[in-house]
Participant: 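Have a look at this one before I ask anything.
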Amino acid sequence: MSLGYAEKLSYIEDVGKVGMSELFDTPRILQEKIEKLAKMIRKSKHLVVFTGAGISTSCGIPDFRGPKGIWTLQREGKALPEASLPFHRAMPSKTHMALVELEKAGILKFVISQNIDGLHLRSGIPREKLSELHGNSFMETCSSCGVEYFRDFEVETIGLKDTPRHCSTVGCGARLKDTVLDWEDALPSKEMNPAEKHCKMADVVLCLGTSLQITPACNLPLKCLRSGGKIVIVNLQKTPKDKKANMVIHGLVDKVIVGVIDQLNMQIPPFVRTDLLQIIFTQGLSIDGRFMNWTLRVASVHGKEAPLPFVHSVEVSFSEQGKKWKEAFLNEQPLRLKRRTATSTKPFNIILKLNFSDGCGCSCTHIRIPVDFEVSVECCNHDKTSILQKLRRKAIQDLCCGQNAVIERKGIKTPKSEVTVFAIVTNMVVYDKTSKPCGAISLSNGSRKRQNEGVGGVQTSRKRRTERKVEDGQ
């Protein structure tokens, strides 16, 4: 989680005020403020949202300055909280998804984030409507051509350092860098300039879950005041900007935003996470021409040597034609199987059971790979957008994950191989108004009891699916 990020940061003595007591508005006052905020948003022409760590605590990511925050516990000499699930499997909160709905409705114009967890992008906020002031733990960028790469694994470094990978843009190939700032790094103009522009244009800047202590970022919301804009702060602790705000709400961010969405007669859309991987099948004749030597590899789409964090292991078996061949269990990356078969072998299927890592919403999925030792060198690019939309609709309809589909297939002459890219639904969450997300995964590491179950271990029988029919909110 953010624990690894905190450990990578350079040490400084002063990290601001930590461990301040939390304040809660009474239920009546909280409801009045929620209704008032909803009216402000409804009338807004240019709503900007400014977010901090407080919008991600319900995702299992600890904050920094709260009573149980990382720096608070460090100052008190207490043990740091244990990560409840892998950082790369954290799922958006109700607040993240509510912002997606507000953006799609044309109400929310821009999001400014101080978080490095990548959840705004993961949730579906368009990159062009997002400034990530302090970077993104899952983003690499090319300093030469400016291309960004959003990964499914946490980038190894922080502080704008070189990573092990290179830009894949044709004609570039420059070394990539991480995007997460260390203490001494200046805020990048690429993120700061649009954030400042939208704050100046805003008639409402809504600050969610931020202590508003880190400069210069904390001063951005104030820029709306010159043109008559209003500031609303939703935070459990006092902030240095409270006196400048038109309204301060002391309540849980999720509760406040869910209340606002309800007042606006809107719904929080489900979250469906789709991950990609590639299956590489390489073949070559033996010297005497009697055998076909072949290799099957399950790899990341981010490169053969990149980690594939959502796959724990792969069980390999064969169709009827290949029953005589020994099955295999791959549990160490790179996930690779080497075999030799006679050239007279008839076409067969390789059946892969992909066992997912902790944090995925189901235990496994099955992929069938047809093998006839004939490789077409033509690329077959499917309609990726259409396929992803279909997978999403299917996941929501079935209230479970594990669906997969081919989105690209290409042949390579030398070495003779075929690369097939699969899209796989690895998480599906339906958000409830009053409780935890329906289908929230068990956060205990090592829990594998998910096979044949629905969303994150929640049983989804046909009757239950009928009773809880979920419409596609996106």
Side-chain angles (χ1 to χ4, degrees), residues 1-3 5-6 15-25 30 33-34 37 47-74 80-81 83-84 87 90-100 102 108 111-123 125 130-137 195 204-215 217-221 231-242 244-245 247-261 268 431 436-437 440:
M1 312 304 276
S2 53
L3 301 175
Y5 163 62
V15 294
K17 292 183 179 180
V18 299
M20 293 185 294
S21 59
E22 294 182 337
L23 305 172
F24 291 86
D25 291 329
L30 182 62
K33 290 182 177 180
I34 288 173
L37 175 57
L47 172 67
V48 172
V49 171
F50 184 85
T51 66
I55 76 162
S56 297
T57 52
S58 62
C59 308
I61 302 176
D63 61 19
F64 294 96
R65 297 181 178 83
K68 296 182 180 180
I70 294 172
W71 290 326
T72 303
L73 295 176
Q74 282 181 338
L80 296 181
S84 55
F87 191 18
M91 292 184 289
S93 65
K94 297 176 187 178
T95 298
H96 287 101
M97 297 309 297
L99 297 182
V100 171
L102 288 170
L108 174 59
V111 176
I112 305 167
S113 176
Q114 301 167 94
N115 299 336
I116 49 85
D117 53 35
L119 288 178
H120 281 305
L121 274 182
R122 195 84 66 195
S123 68
I125 293 293
L130 172 67
S131 279
E132 296 184 302
L133 298 179
H134 298 155
N136 185 325
S137 289
V204 176
V205 176
L206 177 57
C207 303
L208 301 175
T210 170
S211 64
L212 293 169
Q213 292 192 51
I214 300 298
T215 58
C218 67
N219 293 319
L220 283 171
I231 297 174
V232 177
I233 299 174
V234 182
N235 202 53
L236 289 177
Q237 299 168 312
K238 292 181 179 179
T239 83
K241 309 301 182 184
D242 285 357
K244 299 283 188 179
M247 182 166 60
V248 176
I249 304 176
H250 293 301
L252 296 171
V253 175
D254 279 353
K255 186 172 184 178
V256 172
I257 297 304
V258 168
V260 168
I261 290 293
I268 298 176
Y431 296 88
K436 292 182 179 180

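Values below: every heavy atom of this structure, side chains too, minus hydrogens, waters and symmetry copies.
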Participant: Out of Leu212, Leu208, Ile231, which one pairs with Phe50 under the side-chain contact (heavy atoms from CB on, under 4.5 Å) rule?
Facilitator: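 With Phe50 as partner, Leu212, Leu208, Ile231 yield a single side-chain contact (heavy atoms from CB on, under 4.5 Å), made by Leu212.
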
Participant: For Val48 and Leu206: C-alpha separation, side-chain torsions, deciding distance, then whether side chain to side chain contact (heavy atoms under 4.5 Å, CB included) applies.
Facilitator: CA-CA 6 Å; Val48 172; Leu206 177 57; over 6 Å; no

Participant: Work out which heavy atom in Leu30 is nearest to a heavy atom in Gly251; give both atom names and the distance.
Facilitator: CD1-CA, 4.4 Å

Participant: Testing Leu37, Val205, Val248 one by one against Val232 for a side-chain contact (heavy atoms from CB on, under 4.5 Å), which residue passes?
Facilitator: Leu37

Participant: Looking at side-chain heavy atoms only, is the closest gap between Thr51 and Asn115 below 4.5 Å?
Facilitator: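 In short, these two side chains touch, coming nearer than 4.5 Å.
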
Participant: Measuring from atom NZ of Lys94 to atom CD1 of Ile268, what distance do you get when rounded to the nearest 0.5 angstrom?
Facilitator: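 Nearest 0.5 Å value for the NZ-CD1 distance: 6.5 Å.
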
Participant: Search all heavy atoms of Cys59 against all heavy atoms of Pro92 and return the closest pair with its distance.
Facilitator: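 Where Cys59 meets Pro92 most closely, the heavy atoms are SG-C, 3.9 Å.
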
Participant: Using side-chain heavy atoms (C-beta onward) and a distance below 4.5 Å, is Asn235 in contact with Cys207?
Facilitator: no

Participant: Working to the nearest 0.5 angstrom, can you tell me the gap between Ile34 CD1 and Asp25 CG?
Facilitator: 9.0 Å

Participant: Please examine the side chains of Asn219 and Lys241, heavy atoms only from C-beta on, and report whether any two atoms are closer than 4.5 Å.
Facilitator: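 In contact.
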
Participant: Can you tell me how far CD1 of Ile233 sits from NZ of Lys238, rounded to the nearest 0.5 angstrom?
Facilitator: 13.0 Å

Participant: In Å and rounded to the nearest 0.5 Å, what is the CG to CZ distance from Asn136 to Arg122?
Facilitator: 8.0 Å

Participant: For residues Ser93 and His96, is any side-chain donor paired with an opposing acceptor at under 3.5 Å?
Facilitator: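 Checked: Ser93/His96 side chains pair up, N/O donor to acceptor below 3.5 Å.
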
Participant: Can you tell if the side chain of Gln213 reaches within under 4.5 Å of the side chain of Pro240, non-hydrogen atoms only?
Facilitator: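 The answer is yes, as the side chains (C-beta and beyond) meet within the 4.5 Å cut-off.
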
Participant: For Thr210 and Ile112: C-alpha separation, side-chain torsions, deciding distance, then whether side chain to side chain contact (heavy atoms under 4.5 Å, CB included) applies.
Facilitator: CA-CA 11 Å; Thr210 170; Ile112 305 167; over 6 Å; no

Participant: Would you mind reporting whether Ile61 and Phe87 have side-chain heavy atoms less than 4.5 Å apart?
Facilitator: yes

Participant: Short question: side chain of His134, backbone of Gln114 - any donor-acceptor pair under 3.5 Å?
Facilitator: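 Yes: the side chain of His134 pairs with the backbone of Gln114.
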
Participant: State, with a plain yes or no, whether a side-chain heavy atom of Leu133 is found less than 4.5 Å away from one of Leu220.
Facilitator: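 Side chain of Leu133 against side chain of Leu220, heavy atoms only: contact under 4.5 Å found.
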
Participant: Closest approach of Glu22 and Gln237, non-hydrogen atoms and distance?
Facilitator: CG-CG, 4.3 Å

Participant: So, for Cys218 and Thr215, which heavy atoms are closest and what is the spacing to 0.1 Å?
Facilitator: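 Of all heavy-atom pairs spanning Cys218 and Thr215, the closest is SG-CG2, 3.5 Å.
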
Participant: Nearest 0.5 Å, what's the CD-CG distance between Glu132 and Leu121?
Facilitator: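 CG of Leu121 is found 4.5 Å from CD of Glu132.
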
Participant: Quick one: does His250's side chain have a donor or acceptor within less than 3.5 Å of a partner on Val234's backbone?
Facilitator: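 No: the side chain of His250 does not pair with the backbone of Val234.
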
Participant: Closest approach of Gly54 and Val253, non-hydrogen atoms and distance?
Facilitator: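 Taking every non-hydrogen atom into account, O-CG2, 4.3 Å.
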
Participant: Using side-chain heavy atoms (C-beta onward) and a distance below 4.5 Å, is Leu99 in contact with Leu102?
Facilitator: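 They are in side-chain contact.
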
Participant: Return the CG to OG distance between Leu119 and Ser56, rounded to the nearest 0.5 Å.
Facilitator: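 One gets 5.0 Å once the value is rounded to the nearest 0.5 Å.
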
Participant: On a heavy-atom basis, which atom in Ser211 and which in Thr239 lie closest, and how many Å separate them?
Facilitator: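 Smallest heavy-atom distance, with atoms named: O-CB, 3.4 Å.
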
